[in-house]
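Input: a single structure, listed below in structure tokens.
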Amino acid sequence: MISAITMNTALEPAHREALMRLARPVSFGAGTRLFEEGGRADRFWIVRTGTVALHMRVPGRRPAVVESLGPDQLVGWSWHFPPHLWHLGAETTSPVRAWEFDAETVRTMCAEDAEFGRSIAVWVGRVAAQRLHATRVRLLDLYAPYGSGDVL
């Protein structure tokens, strides 16, 4: 199992503080849809409490939950990469308190401060890579012949 890449471990204190100045506290009840696969990715969240399930549409089947996210984890990476459309869907599985960030504001900060932008890009890129790996393993577990989900 790969450990979660959190903002606290990925960003140096000055970059973390700059990002947190943009944070807006939000709360969601259990079963709240945060976003749908293919929708416009205009914000992201860092979970404070609770859990969020990421899911992927699978033709002819119910959406497959590919990962559950908890405290300190980033919800949403598609906001950082054009065309800014969600690659997965997300729904809360318990009441959630989170920090919400406006994607356009963060992208503007990244463009104006190259060091901050690189730091955010590396963090979000690492999270995206981890999520894609988790999605692959989960889909192999669900739909491939027995043993196909083994990781080298």
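This chain uses plain numbering: 1 for the first residue, then up along the sequence.
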Kindly determine whether W99 and V47 satisfy side-chain contact (heavy atoms from CB on, under 4.5 Å), including the steps that lead there.
CA-CA 6 Å; W99 297 112; V47 177; over 6 Å; no

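- Atoms OG1 and CG, on T93 and L54 in that order, are 10.0 Å from each other to the nearest 0.5 Å.
- Taking both residues in full, the closest heavy atoms of R48 and A98 are given as CD-C, 3.7 Å, listed atom of the first, atom of the second, then distance.
- Considering only heavy atoms from C-beta on, H87 stays 4.5 Å or farther from L85 through its side chain.
- A distance of 7.0 Å separates CG of L88 from CH2 of W77, quoted to the nearest 0.5 Å.
- Minimum heavy-atom separation, G38 to R57: N-NH2, 4.2 Å.
- With hydrogens and angles ignored, the 3.5 Å screen pairs no side-chain donor or acceptor of T92 with any backbone N or O of V52.
- No continuous path of hydrophobic side-chain contacts links V122 to V127 [ILVMFWY only; heavy atoms under 4.5 Å].
- Minimum interatomic distance between R107 and A41 (heavy atoms only, all atoms of both residues): NH1-O, 4.2 Å.
- Going from atom CD of E115 over to atom CD of E12 covers 5.5 Å, rounded to the nearest 0.5 Å.
- Two residues are said to be in side-chain contact when any heavy atoms from C-beta on lie closer than 4.5 Å; F116 and C110 meet this criterion.
- Counting only distance, with no hydrogens or angles, the side chain of H80 and the backbone of V124 share no donor-acceptor pair below 3.5 Å.
- Put simply, CZ on F44 and OG on S78 are 12.0 Å apart, with the number rounded to the nearest 0.5 Å.
- When all heavy atoms are compared, the tightest approach of G76 to W86 is CA-CZ3, 3.5 Å.
- Rounding to the nearest 0.5 Å places OG1 of T105 at 13.5 Å from CZ of R21.
- Interatomic distance, M20 CE to L22 CG, rounded to the nearest 0.5 Å: 9.5 Å.
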Walk me through it: do T51 and S68 pass the test side chain to side chain donor-acceptor pair (under 3.5 Å)?
CA-CA 7 Å; T51 55; S68 290; over 6 Å; no

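- Taking 4.5 Å as the limit, some side-chain heavy atom of W123 sits within range of a side-chain heavy atom of L74.
- Counting only residues at least two apart or on different chains, the side-chain hydrogen bond (donor to acceptor under 3.5 Å, both in side chains) pairs with a member in residues 29-47 are R33-E36, R33-H55, R33-E91, R40-D42, W45-E100.
- The closest side-chain heavy-atom distance from D113 to R118 is not below 4.5 Å.
- Looking at I120, L19, D72 one by one, the single match for side-chain contact (heavy atoms from CB on, under 4.5 Å) with M7 turns out to be L19.
- R16 places a side-chain N or O within 3.5 Å of a backbone atom of L11 that can act as its donor or acceptor partner.
- No donor-acceptor distance shorter than 3.5 angstrom exists from the side chain of E112 to the backbone of M109, with no hydrogens or angles considered.
- Residues S94 and G50 approach most closely at OG-CA, 3.3 Å, considering heavy atoms.
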